[in-house]
Amino acid sequence: MRSFISAFLFLLFLLRYLSPAAAGRPDIILKTCKRCSDSSPNVNYSLCVASLKSVPRSHRSDLRGLGLISVKLAAASAKHARSKVKKLLKAKPRSHYTKSCLKACLELYKDAISMLKASAGAIKSGHYDDANIWISSAVDAPGSCEDGFGEGGVKSPMVKEDKDLFQLAVIALAMTALLG
Ligand SMILES: *[C@@H]1O[C@H](CO)[C@@H](O)[C@H](O)[C@H]1NC(C)=O
């Protein structure tokens, strides 16, 4: 996650100096996060502001740019969850049930990552309805992962990752809905 974000930030840093065009746009992070949290009760306003602010390019992005950034942040979170679940599987879980839950979560995260990738492409080409459907499916992934553990009365080792992924995906979804 960290190295992905560093690479991402570096790329944004480069883009900033290679594209003189966008200078001087008003900062729309606060306004956009407010609209997102007004439209969706699941959106955490302070997380929305903090996560977008951590990406320098956000400050000079338009709504579509913010949508793309939020999708990329959600994808980074899904990748982080995927690598943790892979590690847990490698560590040979003791119970068969836990192992099957982890495997199910791995598939869910993989799907979420490809859905989020596809939705970034859809946003770039203005297909916001497609993006919305694909991001919605990524929003559901962490809850489905948690449900598996819950149904067997097993404590989930993915609570933190699932919460993070849910919150970031919900922000991406609310932003794409504003684009629609
Ligand atoms: C919202 O996000 C902030 C900042 O990340 C966090 O401290 C807070 O616990 C979050 N609130 C909820 C309800 O998850």
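Side-chain contact between Pro157 and Leu102: present, with at least one pair of heavy atoms (C-beta onward) separated by less than 4.5 Å. Residues Arg64 and Tyr128 are in side-chain contact: their nearest non-hydrogen atoms beyond the backbone lie under 4.5 Å apart. At a threshold of 4.5 Å between non-hydrogen side-chain atoms, the residues Lys99 and Leu89 count as touching.
Here the closest heavy-atom approach between residue Ala172 and residue Ser70 is recorded as CA-OG, 3.3 Å. Taking every heavy atom of both residues into account, Leu168 and Leu47 meet most closely at CD2-CD2, 4.4 Å. Among all heavy-atom pairs drawn from Val154 and Thr98, the shortest one is CG1-OG1, 3.8 Å. Listed here is the closest heavy atom pair of Cys48 and Met175: SG-CE, 4.0 Å. Between Asn44 and Ile171 the shortest heavy-atom distance is O-CD1, 4.3 Å. Taking each heavy atom of Ala75 and Ile113 in turn, the nearest pair found is O-CG1, 4.5 Å.
Between the CE atom of Met158 and the NZ atom of Lys84 there is a distance of 5.5 Å, given to the nearest 0.5 Å. Note that NZ of Lys72 is 10.0 Å distant from NZ of Lys79, once rounded to the nearest 0.5 Å. Atoms NZ and CG, from Lys90 and Leu88 in turn, are 11.0 Å apart once rounded to the nearest 0.5 Å. With rounding to the nearest 0.5 Å, the separation of CD1 in Ile133 from NE2 in His127 is 12.0 Å. Once rounded to the nearest 0.5 Å, the distance linking CD1 of Ile29 with NE2 of His59 reads 4.5 Å. Note that the CG atom of Asp164 and the CG atom of Leu73 stand 11.5 Å from one another [nearest 0.5 Å].
Ser114 places a side-chain N or O within donor-acceptor distance of the main-chain N or O of Lys110, the cut-off being under 3.5 Å. With hydrogens and angles disregarded, a donor-acceptor distance shorter than 3.5 Å links the side chain of Ser125 to the backbone of Gly121. Judged by distance alone, the side chain of Ser119 and the main-chain N or O of Trp134 form no donor-acceptor pair under 3.5 Å.
Linking Ile, Leu, Val, Met, Phe, Trp and Tyr residues whenever their side-chain heavy atoms come within less than 4.5 Å leaves Leu108 and Tyr97 in two separate clusters. Cluster annotation: Ile69 is connected to Val71 through the hydrophobic network of ILVMFWY side chains, with a link wherever side-chain heavy atoms come within less than 4.5 Å. Hydrophobic clustering of Ile, Leu, Val, Met, Phe, Trp and Tyr side chains at less than 4.5 Å, counting indirect connections, keeps Ile123 apart from Met115. Hydrophobic clustering (ILVMFWY, side-chain heavy atoms < 4.5 Å, transitive): Phe166 and Leu52 are in one cluster. No path of Ile, Leu, Val, Met, Phe, Trp and Tyr side chains, each step under 4.5 Å between heavy atoms, connects Leu116 with Val85, placing them in separate hydrophobic clusters.
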Please tabulate, for the side chains in residues 34-43, all donor-acceptor contacts under 3.5 angstrom to protein atoms that are two or more places apart in sequence or on a different chain.
residue : atom : partner : partner atom : Å
Lys34   : NZ   : Asp38   : OD1          : 3.2
Lys34   : NZ   : Asp38   : OD2          : 2.9
Ser37   : OG   : Cys33   : O            : 3.3
Ser37   : OG   : Lys34   : O            : 3.2
Ser39   : OG   : Arg35   : O            : 3.2
Ser39   : OG   : Cys36   : O            : 3.1
Ser40   : OG   : Asn42   : N            : 3.4

Run the side-chain donor-acceptor check on residues 140-152: report pairs under 3.5 Å with partners two or more places apart or on a different chain.
residue : atom : partner : partner atom : Å
Ser144  : OG   : Asp140  : O            : 3.0
Glu146  : OE1  : Ser156  : OG           : 3.3
Glu146  : OE2  : Ser156  : OG           : 2.8

| request: Report the C-alpha distance between Ser61 and Ile28 in whole Å, list the side-chain angles of each, state the deciding distance to 0.1 Å, and finish with yes or no for side-chain contact (heavy atoms from CB on, under 4.5 Å). | output: CA-CA 8 Å; Ser61 290; Ile28 59 166; 5.8 Å; no

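Here the options are Thr176, Thr32, Leu68, the test is side chain to side chain contact (heavy atoms under 4.5 Å, CB included), and the partner is Leu63; only Thr32 passes.
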